[in-house]
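Small disclaimer: the values here were computed from a predicted structure and weren't measured. All values below come from the heavy atoms of this structure, side chains included, with hydrogens, waters and symmetry mates left out.
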Amino acid sequence: MKNNNLSNSFLENGYCILKNSIESKTISQIKKSILGSLKKIVEKKSNDIDLLFKYASKKYHQEDVQIFIHHELQLAGLKEMALKNEKIFNFTKKLLGPDLAYNEEGSIRGNFQKTNDNLYQKKLHQEMWSGAGLNELRIWFPITGGKNYSGLNIIPKSHLWGFIENRDREPYNIPEDIELRKKTLRLDIGDALFFHGLTLHETEPHNQNKTRFALTVGIRNFNHSFSGHQRLQNWRIYNYSTLSKIQKKLGNPMLSQYRTLNSTLSHKNKTKKGLKLYFR
């Protein structure tokens, strides 16, 4: 489906699926990172992700294990790499514009068994309940789980219902036929789901033998005003528009000639070799 049709689908339904949008190389690197993280946690040499995740989740709180995996993914730059895959990058720019930042407090979601714990099998909710902004875009893509990955149920068009009243993490004043409105999304590894912060969705009960891992990320245009709790979270810019690049070169809000007129930055001494550092 072309980007224009996808953006129309997003507008009408509150979500859309971008097929084959993440390169297999990126997925492989993310899987390798997950495996390496689990090996660090359990101190075992096994290459069985399912076994290691179950073992780690018995030894420690499962959510703590998932937070550690996500931390390692982010340090390795793999979250940003996924967002910069061409199809995802271009479609994100179409929806939000080129001044892009992602939420460093996104997460890796993991499930290896059916559970009633709302932390791992979430009931119907809107991301805005947790403080996501109205201008924030959510991207969800599966990492493991096999073909026709089952991960989310979604309520099409619910983003146009506005902010839904809720109590004890459950919505009320919603249509009585809400169960009939649910749509189970089937994604293959490499697909990406884009959805609005007001779109009602829930975790589908786990019904597979394999562990399901998925990465979820909040994306925003850093020039848009905060409309939720985003100012209390950490955001990393990963793309600038041309105008933003010019503003950054000028170096100060008054846009004076401080950096740009017949001067170089003091550390740019051409007689010395530059030291290349990668700050994480």
Inset, instruction - Taking all heavy atoms of Gly218 and all of Trp235, pick out the closest pair and write down the distance. - result: O-CZ3, 3.5 Å
Do [X] and [Y] have side-chain heavy atoms sitting under 4.5 Å apart?
X      : Y      : answer
Tyr55  : Ser46  : no
Ile219 : Arg138 : no
Arg220 : Gln230 : yes
Ile155 : Thr199 : no
Lys25  : Gln29  : yes
Lys40  : Glu72  : yes

Legend entry - Identified side chain to side chain contact (heavy atoms under 4.5 Å, CB included) partner of Leu193 from the options Leu187, Ile139, Thr216: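 Output: one option passes, namely Leu187.
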Inset, instruction - Can you measure from NZ (Lys94) to CG (Leu6) and round to the nearest 0.5 angstrom? - result: 9.5 Å
Donor-acceptor contact below 3.5 Å, side chain [X] vs main chain [Y]:
X      : Y      : value
Asn221 : Leu96  : yes
Gln66  : Ser107 : no
Lys39  : Leu52  : no

Legend entry - Ring centres under 6.0 angstrom apart (Phe213, Phe53):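 Aromatic pair counts; centres sit under 6.0 Å.
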Legend entry - Side-chain H-bond candidate by donor/acceptor type, Tyr240 with Lys248, under 3.5 Å: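 A donor-acceptor contact under 3.5 Å links the two side chains.
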Legend entry - His196 versus Gln126, side-chain donor and acceptor atoms under 3.5 Å: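 Result is no, nothing qualifies.
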Legend entry - From Tyr15, Phe10, Phe91, residue fulfilling ring pair (Phe, Tyr, Trp, His ring centres under 6.0 Å) relative to Phe194: Phe91
Inset, instruction - Considering only NZ, NE, NH1 and NH2 on the basic side and carboxylate oxygens on the acidic side, decide whether Arg109 and Glu63 come within less than 4.0 Å. - result: yes
